[in-house]
S.K.: 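Sharing a structure here in structure tokens format.
Naming convention: chains lettered A, B, ... in sequence-line order (proteins, then strands); numbering from 1 in each chain.
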Protein chains: 2
Amino acid sequence: MTTATRYRRTDVVDRAIVLLGAVGLDGLSMRRLASDLGVQPSALYHHFAGKQELLGAVADEILARGRRPNELVSWQAELGLVCVELRDIMLEHRDGAALVSMVRALGAGAEEPIRRMAGALAFAGADAELARVGAHTLFHFVFGHVADEQAHRAAAVASGGVAPAGTDFAVGLGLILDGLGARLVS
Amino acid sequence: MTTATRYRRTDVVDRAIVLLGAVGLDGLSMRRLASDLGVQPSALYHHFAGKQELLGAVADEILARGRRPNELVSWQAELGLVCVELRDIMLEHRDGAALVSMVRALGAGAEEPIRRMAGALAFAGADAELARVGAHTLFHFVFGHVADEQAHRAAAVASGGVAPAGTDFAVGLGLILDGLGARLVS
DNA sequence: ACCTGAACACCGTTCAAGT
DNA sequence: ACCTGAACACCGTTCAAGT
């Protein structure tokens, strides 16, 4: 045929993120992405073993883009900052939280933000178990909450209503941080 | 053709739950379910507006089956019991937590267990906001945790390894209950 | 009320072959 | 290394029509 457009793995991931914003998680199919790139569907399988691996790479890239330099303050502020940052990244991407939740439910991905939170907890004096459990608990809270938020927002848009305010996030976050605090002083 | 097998909505949901156990969430398609029932795919659309509504009904039915009578004890024990009960139901159904998470991420369902937890918190003296936020926080923890657990279990089965123990669930649960406790005494 | 039959517009994935 | 072309085995959903 005409020109043989050639891509690398990261090009495909970048384009997938743009496409996600345009058509949502439902519309993000291998065939749609391929035709968006001007390429045959089978070409994608040179870069990824399957759709699951592609979605995992997209989720990890979205999460990595949100990295900000850490200020050295209290561990509560540090952890709170990481969680708020994660929430903000998800809210910036259509179906962002649903994507990450789906990828995790399928068995992989999103290890990096969990490691960051576990690291902050270990630095604050938590033992290995508390650091691990605390990081996972915070992660589940953040992504569960934001997935709900985005779903309700989408439903509100569809029905013409308004979405509730986001103060619940701060309250739930404080709840978990307090529980962690009670264990860190002992 | 031959006999005209006729079903009601609940028959279809029941059969879908059995099929879920046999083929997993990936394999649970409208066409597969229809052929399992000995019926044309289009017949399902008489009972449900679409696949999303069918999955929502399946999730709610699974959650409803786990109801147990409540003992009157402390609110910590009461809430802990509800959460452990929810975890047990999910672990009994293949891809149970992934199903509920997916249904919620798509915007509906699973309201009943959240109402139960909010009710227990209100009974313990929480105001409306704390009851709502606390119930959601517990819900996100339970389903996020169990979704991870089932995914890792499936991965371990596939690779021949062993899954880690389930003590993290109790630790994370205690964390959140402690955070709630700090707000209930004030 | 519940189902059939047939169609429409898609999917994910594989594989031999090309450059 | 990266892509084409063509195929296989499926999807969800709609709609007129039957009983």
S.K.: Please state the P separation for the pair dA17(C) and dC2(D) - nearest whole angstrom.
M.R.: 22 Å
S.K.: Taking the nucleotide of DNA chain C with the nearest heavy atom to each, does Val39(B) or Gly50(A) sit closer to the 5' end?
M.R.: Val39(B)
S.K.: Does Gln40(B) put a side-chain nitrogen or oxygen below 4.0 Å from OP1 or OP2 of dG5(C)?
M.R.: yes
S.K.: Between dA9(C) and dA9(D), how far apart are the two P atoms, rounded to whole Å?
M.R.: 23 Å
S.K.: Can you get from Phe169(B) to Val171(B) by hopping between Ile, Leu, Val, Met, Phe, Trp and Tyr side chains that sit under 4.5 Å apart?
M.R.: no
S.K.: Within this structure, what is the NE2-to-C1' distance between His46(A) and dT4(D), rounded to whole angstrom?
M.R.: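 Rounded to whole Å, this separation is 13 Å.
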S.K.: Measure the distance from CG on Leu33(A) to P on dC10(C) and round it to the nearest whole Å.
M.R.: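 Taking atom P of dC10(C) as the reference, CG of Leu33(A) is at 16 Å.
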S.K.: dT19(D) pairs with which nucleotide, Watson-Crick or G-U wobble, both distances below 3.5 Å?
M.R.: dA1(C)
S.K.: Would you mind reading off the distance between Tyr7(A) atom OH and dT4(D) atom C1', rounded to a whole angstrom?
M.R.: 14 Å
S.K.: Starting from P on dT4(D), measure out to CG on Leu44(A) and report it in whole angstrom.
M.R.: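 Taking CG of Leu44(A) and P of dT4(D), I get 10 Å after rounding.
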S.K.: Does the distance from a Lys or Arg side-chain N to an Asp or Glu carboxylate O, for Arg183(A) and Glu129(A), drop under 4.0 Å?
M.R.: no
S.K.: Using whole Å, what does the distance between atom P of nucleotide dC11(D) and atom CG of Asp26(A) come to?
M.R.: 18 Å
S.K.: Can you figure out which of dT19(D), dG12(D), dT4(D) approaches the side chain of Arg6(B) most closely?
M.R.: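 Looking only at side-chain atoms, Arg6(B) lies closest to dT19(D).
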S.K.: From CG of Leu25(A) over to P of dC11(C), roughly how many Å is that when rounded to an integer?
M.R.: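 Distance, rounded to whole Å: 14 Å.
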S.K.: Where each residue is assigned the nucleotide of DNA chain C containing its nearest heavy atom, which of Ala43(B) and Pro41(A) is assigned the position nearer the 5′ end?
M.R.: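 So the residue in question is Ala43(B).
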S.K.: For Asp11(A) and dA1(D), give me the distance from atom CG to atom P, rounded to whole Å.
M.R.: 17 Å
S.K.: According to a strict under-4.0 Å criterion, is Ser42(A) in side-chain N/O contact with OP1 or OP2 of dT4(D)?
M.R.: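 So the side chain of Ser42(A) is outside the cut-off, no N or O lying under 4.0 Å from OP1 or OP2 of dT4(D).
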S.K.: Does Tyr7(B) share a hydrophobic cluster with Val18(B), counting links as ILVMFWY side-chain heavy atoms below 4.5 Å and allowing steps through other members?
M.R.: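 Looking at the clustering, Val18(B) is in a separate group from Tyr7(B).
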S.K.: Which of the following nucleotides, dT13(C), dC11(D), dT4(C), is nearest to the side chain of Arg31(B)?
M.R.: dC11(D)
S.K.: My understanding is that a pair needs two contacts under 3.5 Å, Watson-Crick or G-U wobble. By that rule, which nucleotide pairs with dT14(C)?
M.R.: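 In the structure as shown, dT14(C) has dA6(D) as its Watson-Crick or wobble partner.
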S.K.: Nearest-Å distance, CZ (Phe48(A)) to C1' (dG12(C))?
M.R.: 15 Å
S.K.: Looking at Arg15(B) and Asp11(B), does any basic side-chain N land under 4.0 Å from a carboxylate oxygen?
M.R.: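 No, no charged N to carboxylate O under 4.0 Å.
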S.K.: Which nucleotide in the list dT13(C), dG12(D), dC3(D) gets nearest to the side chain of His47(A)?
M.R.: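 Closest nucleotide among those given: dC3(D).
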S.K.: For the CE atom of Met117(B) and the CD atom of Glu112(B), what is their distance to the nearest 0.5 Å?
M.R.: 10.0 Å
